[in-house]
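Working notes, beginning with the structure itself.
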There are 2 protein chains.
Amino acid sequence: MAKTDVLTLAILGILRDRPHHGYQIRKLLGVELGPFRALSYGSLYPCLRRMVEAGLIEASGDEPGNPTPASSRRARIAYSLTEAGRARLTTELANAGASSWDDDAFDVRFSLFAHTDAATRLRILEGRRSRLAERLEEVSEGLKRMHERHDAYTAELQRHGLEQVEREISWLDRLIENERSAPGGDHHGSASADH
Amino acid sequence: MAKTDVLTLAILGILRDRPHHGYQIRKLLGVELGPFRALSYGSLYPCLRRMVEAGLIEASGDEPGNPTPASSRRARIAYSLTEAGRARLTTELANAGASSWDDDAFDVRFSLFAHTDAATRLRILEGRRSRLAERLEEVSEGLKRMHERHDAYTAELQRHGLEQVEREISWLDRLIENERSAPGGDHHGSASADH
DNA sequence: TCTCCGATGTATCGGCGCGATACAACTGGT
DNA sequence: ACCAGTTGTATCGCGCCGATACATCGGAGA
């Protein structure tokens, strides 16, 4: 019951400042997380429905429930956070534990960093880093062990994966460094300011 | 009907040399593609069943269909390629078109490069490269356009994604270069030799 | 020797996310 | 006046995942 999935969290984050239509939510998510990582309508609308049922968001606008037959206007539904939704977002932002460092979860949480406190940011950053370090261990161990058993292409793929992980780790190190040297939160630009 | 999905292709590739149990298939896939990207049993067994139904693979071993009550041995099922399966693998390896450059598909195909001809390798490599180039375009365009509208963390996420894509493009460039300068296939080590 | 633990091994269930697809209305260009 | 593109809501089937259950076997330690 308490498990807030990533998609829900992302939507809560987008709806934080002002209401949006489903269509807009999808667009914004696509921009925020890069053009890849875009969610499809096949997940969006079911998720919105679930959130409405859970009382996290509210639908407003000319819903089909009110036919207004004269104007014949189509349904254009704007979703906005309820108090419960805003509360959920707050608690979820403060709670860094429980697999905030999975691949999908991490960038969603990262994109919400501006609304979090420095301690949580650091916790997530370091959690992600240690997870990546584990992977690094596994991959490089596997690389050693397979020396003769696999072809050059497979090895090349592994080496590339290894490099990607190393890159991301040093990226994280840079961010952690910045976060530590600016405990107030605002490390460059207007990160924790409202806008 | 003709659509061979990625998972099926990966399994065909693993079963190419010798039969394996489901458990082993999962392990091998995890090693080949890195410890992440591992498929779960919840996808493996259904996929194996589908492949058996499609006649691509064959199950052998003491199946539960033959109870052998005296020995009471549990089911340990070894899967092996049928002729149809081997044929499918061959045609699928030669066929580079139709989205061989999606994120998941690419590394599976790449891990099978040792069993392909140089022309196909080049086609896939270049297809992947141009797809990545498109993304690069989108992301950097988005980065420019959002200058004031987003916080520093979101921008940082974008920049990181951009760098990852750039990295992968130059990796691909290196591979393409190698592939071109060694048209026989064997660019370093024993890539296209049997083992 | 007995026992328990971890690796090997097969299998299913509920639920979620994706791609494809359909439909509707507004907007702007020619 | 028309057609194309964008905004917008919605569903269906199916693949895949995480969790879970259960069975067997080898070996390490009491």
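Each chain gets a letter, A, B and so on, in the order its sequence line appears, and its residues count up from 1.
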Side-chain N,O (Tyr45(A)) to OP1/OP2 (dT9(D)) below 4.0 Å: yes

Is the phosphate of dA11(C), meaning OP1 or OP2, less than 4.0 Å from a side-chain N or O of Tyr41(B)? no

Does Glu137(A) have more than 12 heavy atoms from other residues, nucleotides or ligands lying within 6.0 Å of its CD? no

Separation of dG17(C) P from Ile11(A) CD1 (nearest whole Å): 9 Å

Across the strands shown, which category fits Leu44(A) at heavy-atom distances under 4.0 angstrom: base, sugar-phosphate, nothing? nothing

Under 4.0 Å between any heavy atoms, over every strand shown, what does Arg26(B) touch: base, sugar-phosphate, or nothing? Just pick one. nothing

Quick one: sort the Tyr23(B) and Tyr41(B) rings into parallel, tilted or perpendicular, breaks at 30° and 60°. parallel

The side chain of Ser43(B) lies closest to which of these nucleotides: dC17(D), dG17(C), dT9(D)? dC17(D)

Calculate the interatomic distance between Leu7(A) atom CG and dG17(C) atom C1'; express it in whole Å. 8 Å

Asp5(B) CG to dC18(C) C1', straight-line distance once rounded to whole Å: 14 Å

Counting just side-chain N and O atoms, does Tyr23(B) come under 4.0 Å of either OP1 or OP2 of dT8(C)? yes

Take the protein atom CG of Leu28(B) and the nucleotide atom P of dG9(C), then report the distance between them rounded to whole Å. 11 Å

So does Arg49(A) get a side-chain nitrogen or oxygen closer than 4.0 Å to the phosphate oxygens (OP1/OP2) of dA10(D)? no

Just one of Asp103(A), Asp102(A), Asp107(A) clears the salt bridge (charged side-chain N to carboxylate O under 4.0 Å, His left out) bar with Arg128(A), so which one? Asp103(A)

Quick one: Leu48(B) CG to dT12(C) C1', roughly how many Å, whole number? 14 Å

Between dG8(D) (P) and His20(A) (NE2): distance, integer Å: 11 Å

Output yes when at least one side-chain N/O atom of Lys27(B) is less than 4.0 Å from OP1 or OP2 of dT8(C), else no. yes

Looking for any heavy atom pair under 4.0 Å, which part of the strands does Gly22(A) touch: base, sugar-phosphate only, or nothing? sugar-phosphate

How many Å lie between CZ on Arg76(A) and P on dT6(D), as a whole number? 17 Å

Proximal nucleotide (of dA11(C), dT8(C), dG8(D)) relative to the His21(A) side chain: dG8(D)

Nucleotide of dG9(C), dT9(D), dT7(D) approaching Gln24(B) most closely (side-chain heavy atoms): dG9(C)

Candidates dT7(D), dT8(C), dC18(C) - which lies nearest the side chain of Ser40(A): dC18(C)

Send over the distance from Leu39(B) CG to dG18(D) C1', rounded to a whole Å. 13 Å

Exactly one candidate in Arg121(A), Arg131(A), Arg180(A) meets salt bridge (charged side-chain N to carboxylate O under 4.0 Å, His left out) with Glu126(A); the answer is Arg180(A)

Give, for atom CG of Leu112(A) and atom CD1 of Ile124(A), the distance between the pair rounded to the nearest 0.5 Å. 9.0 Å

